[in-house]
Amino acid sequence: MSSRRVAMKAVDWMAFGERVPPNQRAMFNALKTRSDALSSRLTTLPEKPLALDWSYYRNIIAKPGMVDEFEKKYNAVKVPEPIDTQGEKINAQEQEANKSAQSYCQASKERISKYEKEVMQLSLSVAAEATGYNSPAI
């Protein structure tokens, strides 16, 4: 079912697992187990469904024309494939979230450097006080 198979995105279970709180580890393991089971079942399905042997049913069923009618109706059934209506919205949200995260990281780096300078100044002033350079002369 490679051409018609539902597009499956690979899940980075290691990265996902790192973000799971310890109290929800059991639910995470159940989700991963369920996902693995469904993925393995999906990969075992054939690309096309098995063809029906209509001649077998024509020989078995006594009523003439019944199998032909069923075959005609069976071949007329078309199962619609789902249409992606939300993909563009999700991609736009993802890009917006990435921009927001990058700007937050940049602002955090600026705050960190500012705080590191303040810590350095404070540590120098503490060191100066400890040596007695700022003490009034006796």
Side-chain angles (χ1 to χ4, degrees):
M1 284 184 66
S2 60
S3 62
R4 294 183 52 212
R5 183 161 297 178
V6 176
M8 294 180 3
K9 290 191 174 187
V11 176
D12 186 359
W13 289 106
M14 293 298 290
F16 189 15
E18 291 172 356
R19 291 174 175 82
V20 174
N23 63 340
Q24 295 180 352
R25 183 66 59 183
M27 290 190 305
F28 168 74
N29 290 336
L31 173 68
K32 183 175 181 329
T33 302
R34 180 78 172 144
S35 174
D36 291 343
L38 289 174
S39 295
S40 65
R41 283 181 58 195
L42 252 175
T43 56
T44 60
L45 294 175
E47 185 171 342
K48 293 182 179 180
L50 299 175
L52 294 177
D53 185 10
W54 295 106
S55 60
Y56 170 78
Y57 292 107
R58 282 187 189 93
N59 293 333
I60 300 294
I61 297 176
K63 185 175 180 181
M66 184 176 187
V67 175
D68 293 330
E69 181 181 338
F70 275 115
E71 182 179 12
K72 181 179 167 185
K73 289 180 181 180
Y74 179 82
N75 291 332
V77 172
K78 300 295 179 204
V79 178
E81 291 187 26
I83 299 171
D84 182 11
T85 59
Q86 300 296 317
E88 292 179 19
K89 290 179 184 177
I90 292 171
N91 290 339
Q93 288 176 350
E94 181 182 15
Q95 289 175 355
E96 186 176 321
N98 286 339
K99 288 178 186 177
S100 174
Q102 288 174 353
S103 66
Y104 181 79
C105 287
Q106 183 62 33
S108 295
K109 288 177 183 177
E110 291 171 4
R111 283 192 309 272
I112 289 170
S113 66
K114 176 184 150 191
Y115 295 146
E116 286 176 344
K117 289 176 186 176
E118 287 181 15
V119 167
M120 182 64 81
Q121 289 175 351
L122 291 173
S123 65
L124 290 177
S125 67
V126 169
E129 289 175 7
T131 57
Y133 288 125
N134 290 343
S135 310
I138 302 180

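Nothing here was measured: the structure is a model prediction, and the numbers come from that model.
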Q: For L122, look at atom CG and say whether over 12 heavy atoms of other residues, nucleotides or ligands are found less than 6.0 Å away.
A: yes
(Q) With a 4.5 Å cut-off on side-chain heavy atoms, are L31 and R34 touching? (A) no
Q. Do the side chains of V119 and L124 join up, straight or via other hydrophobic residues, at under 4.5 Å, putting them in one cluster?
A. no
Q) In Å, rounded to the nearest 0.5 Å, how long is the span from OG of S100 to CD of Q93? A) 12.5 Å
Q | Single-linkage hydrophobic cluster F16~M14, side-chain heavy atoms < 4.5 angstrom | A | no
Q: Check whether any side-chain heavy atom of Y57 sits under 4.5 Å from a side-chain heavy atom of F70, and report yes or no.
A: no
Q.
Please determine whether a side-chain nitrogen of the Lys or Arg among K72 and D68 lies less than 4.0 Å from a carboxylate oxygen of the Asp or Glu.
A. no
Q) Do Y56 and Y74 belong to the same hydrophobic cluster, where Ile, Leu, Val, Met, Phe, Trp and Tyr are linked whenever their side-chain heavy atoms lie under 4.5 Å apart, directly or via other members? A) yes
Q: Drop me the distance from D12's CG to E18's CD, to the nearest 0.5 angstrom.
A: 8.0 Å
Q: Using the rule that two of Ile, Leu, Val, Met, Phe, Trp, Tyr join whenever any of their side-chain heavy atoms come within less than 4.5 Å, decide whether I60 and L52 are in one cluster.
A: yes
Q.
Would you say the ring centers of W13 and F28 fall short of 6.0 Å from each other?
A. yes
Q | Any donor-acceptor N/O pair, R58 side chain to D53 backbone, under 3.5 Å | A | no
Q. With a 4.5 Å heavy-atom cut-off, do E69 and K73 have their side chains touching?
A. yes
Q. Among the clusters formed by ILVMFWY side chains lying less than 4.5 Å apart, do L38 and V11 turn up in the same one?
A. no
**Q.** Among R111, E116, E118, the one residue meeting side chain to side chain contact (heavy atoms under 4.5 Å, CB included) with K114
**A.** E118
